[in-house]
Novice: 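I am attaching a structure below and will ask some questions about it afterwards.
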Amino acid sequence: MKADQAPLPRILVLASGSGTNLQALIDASRERDYPGQIIAVGSNRPGAFALERAAQANIETFVVDHTKFQSREEFDAALMAEIRRHNPDVLVLAGFMRILTTDFVRAFRGIMLNIHPSLLPKYTGLNTHQRVLDAGDQIHGVSIHFVTEELDGGPVIAQAEVHVAPDDTAESLAEKVQEKEHILYPIVIRWFCEGRIHLGSDYVLFDGEPMAAPMRLPEN
Ligand code: GRF
């Protein structure tokens, strides 16, 4: 960074699992013109491989282990304190498998993004790939949305579709969806860091205009 340049927006990532989305963001943020910097990665699971990925990239990590707390409120308060210490501009949930309290969600309203493996508003919650197969859907995909009080219900910023083939399984669908996730999340975080997307009352503003529908990643 040159002396006359403003510091890059500070990205904090929360992850509970393997962290392939985190890795995609680490890789993207290494590009010379990426407009944000990952300043820390936090997890509720001490053994999450995402922490390993962060450490390998020399990114600071922290753990707030949910099993050490009596209640969801106490866990969220501790997590909130840890996040505030890092003063992020954007809070990226990347496979963070905890339901957050209203206080937590309100505290980070407008700066918290989540990735969900379905074409929201279809299939909120878990086991989305199997539910898509059970319903016989031919199109599935991934959504990135602002986090609001409604679980997986915040305004959707962008989506990418995958085709469901007759021989697809929950595992093969998960793979196809993840491939799209790894492309789409770094793009949306780029837009956020560039100040192009904002959360309105219950809609997304893109370049200052309310979005009529989520952005769609063109196919291939
Ligand atoms: C992703 O499939 C995401 O959609 C969901 O959790 C998964 C996280 O995967 N919310 P990873 O830890 O980034 O590999």
Side-chain angles (χ1 to χ4, degrees), residues 11-30 36 38 40-57 59 61-66 79 90-100 104-105 108 111-133 137 139-164 168-190 192 214-217:
I11 305 168
L12 192 153
V13 181
L14 294 179
S16 303
S18 74
T20 61
N21 279 284
L22 166 67
Q23 189 64 55
L25 186 60
I26 290 173
D27 295 346
S29 69
R30 284 188 174 135
I38 307 174
V41 172
S43 185
N44 60 312
R45 289 185 192 281
F49 191 63
L51 295 170
E52 187 79 21
R53 293 180 191 272
Q56 274 172 21
I59 297 168
T61 62
F62 64 87
V63 174
V64 183
D65 183 347
H66 66 280
L79 182 61
V90 52
L91 191 51
V92 171
L93 306 186
F96 187 62
M97 303 305 282
R98 300 297 300 165
I99 293 173
L100 300 162
F104 186 97
V105 172
F108 300 112
I111 69 159
M112 183 159 43
L113 308 178
N114 185 40
I115 187 157
H116 182 79
S118 78
L119 293 174
L120 291 170
K122 291 182 101 175
Y123 309 113
T124 61
L126 298 174
N127 302 323
T128 58
H129 310 303
Q130 189 57 51
R131 286 157 65 203
V132 162
L133 291 173
D137 291 1
I139 303 286
H140 181 33
V142 53
S143 305
I144 293 164
H145 63 97
F146 276 108
V147 178
T148 59
E149 274 113 302
E150 199 187 330
L151 182 68
D152 299 329
V156 177
I157 303 160
Q159 295 181 316
E161 287 182 2
V162 304
H163 287 280
V164 183
D168 263 323
T169 60
E171 290 70 32
S172 67
L173 273 185
E175 254 175 61
K176 285 187 191 177
V177 168
Q178 280 228 319
E179 225 174 274
K180 299 285 184 184
E181 292 185 355
H182 300 159
I183 300 168
L184 193 61
Y185 219 178
I187 293 175
V188 171
I189 295 161
R190 166 186 281 277
F192 189 93
M215 292 284 178
R216 284 279 167 138
L217 190 70

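Counting begins at 1 with the first residue of the sequence. All ligand and atom numbering here is 1-based and tracks the order in the structure.
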Novice: Can you pull out the closest protein heavy atom to atom 10 (N) of ligand 1? Residue, atom name and distance to 0.1 Å, please.
Specialist: Ile115 O, 3.0 Å
Novice: What's the separation between atom CG in Leu25 and atom CD1 in Ile59, rounded to the nearest 0.5 Å?
Specialist: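 Between atom CG of Leu25 and atom CD1 of Ile59 there are 8.0 Å.
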Novice: When you measure from atom 9 (O) of ligand 1 to every protein heavy atom, which one gives the shortest distance, and what is it?
Specialist: Gln178 NE2, 3.1 Å
Novice: Side-chain donor-acceptor pair under 3.5 Å between His116 and His145, yes or no?
Specialist: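 No, because no side-chain N or O of His116 sits under 3.5 Å from a partner of the opposite role on His145.
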Novice: Can you tell me which portion of Met97 lies within the under-4.0 Å heavy-atom range of ligand 1? Options are side chain, backbone, both, or neither.
Specialist: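 Neither; no heavy atom under 4.0 Å.
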Novice: What are the atoms of ligand 1, with element, lying closer than 4.0 Å to any heavy atom of Thr20?
Specialist: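 It comes down to these atoms of ligand 1: 11 (P), 12 (O), 13 (O), 14 (O).
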Novice: Mind checking whether Ala15 has a heavy atom under 4.0 Å from ligand 1?
Specialist: no
Novice: Distance under 4.0 Å to a non-hydrogen atom of Glu181: what atoms of ligand 1 satisfy this?
Specialist: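 Ligand 1 atoms under the 4.0 Å threshold to Glu181: 1 (C), 2 (O), 3 (C), 4 (O).
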Novice: What's the shortest distance from atom 12 (O) of ligand 1 to any protein heavy atom, and which residue and atom give it?
Specialist: Gly19 N, 2.8 Å
Novice: Looking at CZ of Phe96 and OG of Ser43, how far apart are the two atoms once the value is rounded to the nearest 0.5 Å?
Specialist: 7.0 Å
Novice: At what distance is the nearest protein heavy atom to atom 8 (C) of ligand 1, and which residue and atom is it?
Specialist: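 It is Gly95 CA, 3.6 Å.
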Novice: Enter the distance from Gln159:CD to Leu119:CG here, rounded to the nearest 0.5 Å.
Specialist: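 One finds 5.0 Å between CD of Gln159 and CG of Leu119.
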Novice: Taking everything shown except Gln130 itself, do over 12 heavy atoms lie less than 6.0 Å from its CD?
Specialist: yes
Novice: If you count every heavy atom of other residues, nucleotides or ligands that lies below 6.0 Å from Glu149 atom CD, does the total exceed 12?
Specialist: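 Counting neighbours around CD of Glu149, more than 12 heavy atoms of other residues, nucleotides or ligands fall under 6.0 Å, so yes.
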Novice: Quick check for you: to the nearest 0.5 Å, what is the distance between Thr20 atom OG1 and Gln23 atom CD?
Specialist: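 Result: 9.0 Å between the selected atoms.
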Novice: Just which atoms of ligand 1 are under 4.0 Å from any heavy atom in Ser18?
Specialist: 11 (P), 12 (O), 14 (O)
